[in-house]
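Here's the structure, in structure tokens; my notes come after.
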Amino acid sequence: MVPAVFSRAQPLLLRRLSAWLLPLLLMACVVLTGCSAAAQPPRSVLLQALELQIQLTQGAIADALALDAGGMPEVSRVRVAQQQPILIGEAKGLRLEGQFDWRLAGDPIRVDSPFELFLQRGERGQSWRLARPVGPAPSAGAEDQQTWITDPLPLKARG
């Protein structure tokens, strides 16, 4: 049998505990969600950026060899392993690393490849740009900054 003192004290203890615990848990959820999800671009942005990066690389190789660049690559199954904020010129950007599956147009073989992407959010936060470093990275202690070329990701029709 439980003494009467404990049975009366339990509701009071639970109310006091929930008065402190519930706001603390809600705040922790907001902070953790804000840190992890805010900077991560949507999957569609990653797919578009990888497609654009393959197209640009394929086009540069085709130009150098005087060949036809071919069609659009097909990108699927993107897995981000690492993400870190970086400066791209004077603006904030993201460096992402991971693995993705892709294949060239008309090629039945799907390839699993590592990737490194540099993305920059548009000025109004509604679009993304693919950033590509130009030339070697400056050495440690050098005053020169990395030079970047940025290309807007193509806008896809919403449907």
pair [X]-[Y]: side-chain heavy atoms closer than 4.5 Å:
X      : Y      : value
Trp128 : Pro152 : no
Leu119 : Leu46  : yes
Phe115 : Leu50  : yes
Val134 : Trp148 : no

Give a yes or no on whether [X] and [Y] share a hydrophobic cluster (residues Ile, Leu, Val, Met, Phe, Trp, Tyr; joining criterion: side-chain heavy atoms under 4.5 Å apart).
X      : Y      : answer
Val78  : Leu56  : yes
Leu117 : Leu47  : yes
Phe118 : Leu153 : no

Inset, instruction - Say whether Arg110 and Ser76, considering side chains only, have a donor N or O and an acceptor N or O under 3.5 Å apart. - result: yes
Inset, instruction - Could you check Arg132 against Asp151 for side chain to side chain contact (heavy atoms under 4.5 Å, CB included), going step by step and ending with a plain yes or no? - result: CA-CA 8 Å; Arg132 297 176 290 140; Asp151 297 293; 2.8 Å; yes
Legend entry - Flag if over 12 foreign heavy atoms under 6.0 Å of CD, Gln84: yes
List the atom pairs, donor and acceptor, that lie under 3.5 Å between side-chain atoms in residues 90-106 and the rest of the protein, sequence neighbours left out.
from	atom 1	to	atom 2	distance (Å)
Arg95	NE	Glu116	OE2	2.8
Arg95	NH1	Glu97	OE2	2.5
Arg95	NH2	Glu97	OE2	2.4
Arg95	NH2	Glu116	OE2	2.8
Gln99	NE2	Asp112	OD1	3.4
Trp102	NE1	Ser113	OG	2.9
Arg103	NE	Glu74	OE1	3.3
Arg103	NH2	Glu74	OE1	3.1

Please output the side-chain donor-acceptor pairs of residues 57-65 that fall under 3.5 Å, not counting sequence neighbours, one pair per line with the distance.
from	atom 1	to	atom 2	distance (Å)
Thr57	OG1	Gln53	O	2.9
Gln58	NE2	Ala69	O	2.2

Inset, instruction - Supply the atom-to-atom distance Leu52 CG to Arg129 CZ, rounded to the nearest 0.5 angstrom. - result: 10.5 Å
Inset, instruction - I would like to know whether Ile54 and Glu51 meet side chain to side chain contact (heavy atoms under 4.5 Å, CB included); could you show each step before the answer? - result: CA-CA 5 Å; Ile54 292 169; Glu51 285 175 0; 5.9 Å; no
